[in-house]
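These notes are about the structure you will find just below.
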Amino acid sequence: MNLELDGKCVLVSGATRGIGKAIALAFAAEGARVCAVARGQEGLDALKQELAGEHAFVAADVTTPDGASAAVDGCVHALGGIDSVVCVVGKSFARVASQMTDDDLVQSIDMNLMSTARVAQRSIPHLTARGGGSITMISSIWGREAGGAPGYNIAKAGVQAMAKAMARDYAKQAIRVNSIAPGSILFPGGGWDRRRQADPDGIAAFVEREIPMGRFGTVEEVANVVVFVASPRASWVTGAAISVDGGQSRAF
């Protein structure tokens with residue numbers, strides 16, 4: 001299937017590791033021009049070696065207002081506009097409610113919800129100028145149902161609510177907004193990789209108990225769904241929260 005992404009300008013935040021990196025590579029493979037955004041210049045320099053073609057690389061911290069503006073402005077300056085935005089930045093903090101402090105909750109909301117909101121909202125004028133486009137927000141199955149770190153659970157639920165609200169508000173401008181809810185995804189250096197190294201038997205039992213397909217997901221499996229949903233081929237998909245989790249979640 002031709003996803004009609006050749007030459008499209010795509011901003012990807014959190015683009016230098018894990019799911020974000022896989023998404024950047026997948027868009028590039030479809031012929032899109034990628035603006036990769038991340039906090040660290042070292043990661044961006046490494047990604048340059050893997051992305052062939054006309055792409056842009058912006059060092060910015062999108063958890064801050066100035067950083068989000070720098071990301072969007074840098075993309076427009078380098079590529080000439082924005083057709084699609086993918087917001088990937090996220091992190092969990094205190095693992096149980098009894099240990100969650102005010103700072104934990106604030107950091108979780110800033111990292112997961114506010115970073116997404118800032119980039120998405122700042123991109124709207126540029127998407128409108130192109131006649132429409134798409135915004136795809138990376139949430140989690142713990143945004144769809146209870147589970148995970150409480151602050152993360154709260155913030156990711158907020159991401160999905162925001163995607164729905166923006167989808168309805170911006171539909172008349174031909175801007176589609178969706179959220180993608182990955183389950184447990186394994187990649188080198190990621191949280192599940194660290195947990196598996198620390199407790200291989202415990203994590204094997206977790207996979208057998210919690211994931212019907214019997215294995216962790218891969219970053220590429222998430223990226224494939226993101227690229228389709230962001231593409232013109234998904235032209236009637238907006239306001240959706242799509243699970244990519246091997247059957248792990250239990251919500252309808």
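Index from 1, following the sequence.
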Gap separating the [atom1] atom of [X] from the [atom2] atom of [Y], nearest 0.5 angstrom:
| X | Y | atom1 | atom2 | result |
| --- | --- | --- | --- | --- |
| R33 | L11 | CZ | CG | 13.0 Å |
| I141 | E210 | CD1 | CD | 8.5 Å |
| D102 | M100 | CG | CE | 8.5 Å |
| C9 | F27 | SG | CZ | 12.0 Å |
| S115 | I109 | OG | CD1 | 11.5 Å |
| D110 | T64 | CG | OG1 | 9.5 Å |

Would you kindly confirm whether [X] and [Y] end up in one hydrophobic cluster when ILVMFWY residues are joined by side chain heavy atoms under 4.5 Å apart?
| X | Y | value |
| --- | --- | --- |
| V237 | Y170 | no |
| V159 | V88 | no |
| V229 | I185 | yes |
| M166 | V89 | yes |
| V227 | L51 | no |

Quick one: does [X]'s side chain have a donor or acceptor within less than 3.5 Å of a partner on [Y]'s backbone?
| X | Y | value |
| --- | --- | --- |
| S108 | L105 | no |
| R176 | I135 | no |
| H55 | V34 | yes |
| R195 | P200 | no |
| R118 | T63 | yes |
| E221 | T218 | yes |
| T16 | L44 | no |
| N178 | G239 | yes |
| N153 | A149 | no |

If you compare all heavy atoms of [X] against all heavy atoms of [Y], which two are closest, and at what distance to 0.1 Å?
| X | Y | result |
| --- | --- | --- |
| A32 | V10 | CB-CG2, 3.9 Å |
| G246 | I211 | O-CG2, 4.0 Å |
| E4 | P232 | OE1-CB, 3.5 Å |
| A36 | A15 | CB-CB, 3.7 Å |
| V58 | A71 | CG1-CA, 4.1 Å |
| Q160 | S179 | CG-OG, 3.4 Å |

Is the shortest side-chain heavy-atom distance between [X] and [Y] below 4.5 Å?
| X | Y | answer |
| --- | --- | --- |
| V37 | V12 | no |
| M137 | I180 | no |
| P150 | V96 | no |
| I175 | V177 | yes |

Pairing of [X] and [Y] as salt bridge, 4.0 angstrom limit:
| X | Y | answer |
| --- | --- | --- |
| R215 | E208 | no |
| R250 | E145 | no |
| E50 | K21 | yes |

How far apart are the C-alpha atoms of T136 and V85, what are their side-chain angles, what is the distance that settles it, and do they pass the side chain to side chain contact (heavy atoms under 4.5 Å, CB included) test?
CA-CA 6 Å; T136 309; V85 176; over 6 Å; no
Among residues two or more places apart or on two chains, list those pairs meeting side-chain hydrogen bond (donor to acceptor under 3.5 Å, both in side chains) that have a residue in residues 236-248.
R144-S243, S184-Q248, D245-S249
Just grab all the side-chain hydrogen bond (donor to acceptor under 3.5 Å, both in side chains) pairs involving residues 78-88, residues at least two apart or on different chains.
D83-R130, S84-S134
Could you tell me whether Q173 atom CD has more than 12 heavy atoms of other residues or ligands within 6.0 Å of it?
yes
How about R233: does its CZ atom have over 12 heavy atoms from other parts shown lying under 6.0 Å from it?
yes
Is there a side chain to side chain contact (heavy atoms under 4.5 Å, CB included) between I23 and I138 once you walk through the steps?
CA-CA 11 Å; I23 290 169; I138 302 303; 4.1 Å; yes
N224 and E220: side-chain hydrogen bond (donor to acceptor under 3.5 Å, both in side chains), yes or no, with the steps?
CA-CA 6 Å; N224 289 339; E220 291 79 13; over 6 Å; no
Where do F187 and D193 land on the side chain to side chain contact (heavy atoms under 4.5 Å, CB included) test, with the steps shown first?
CA-CA 6 Å; F187 61 91; D193 185 39; over 6 Å; no
Do K8 and E30 pass the side chain to side chain contact (heavy atoms under 4.5 Å, CB included) test, and can you show the C-alpha distance, the side-chain angles, and the key distance before you say yes or no?
CA-CA 9 Å; K8 297 291 187 182; E30 293 293 331; over 6 Å; no
Could you check whether the rings of F216 and W192 sit parallel, tilted or perpendicular, using 30° and 60° as the cut-offs?
tilted
Steps toward side-chain hydrogen bond (donor to acceptor under 3.5 Å, both in side chains) verdict (D104, T101):
CA-CA 5 Å; D104 288 324; T101 65; 3.1 Å; yes
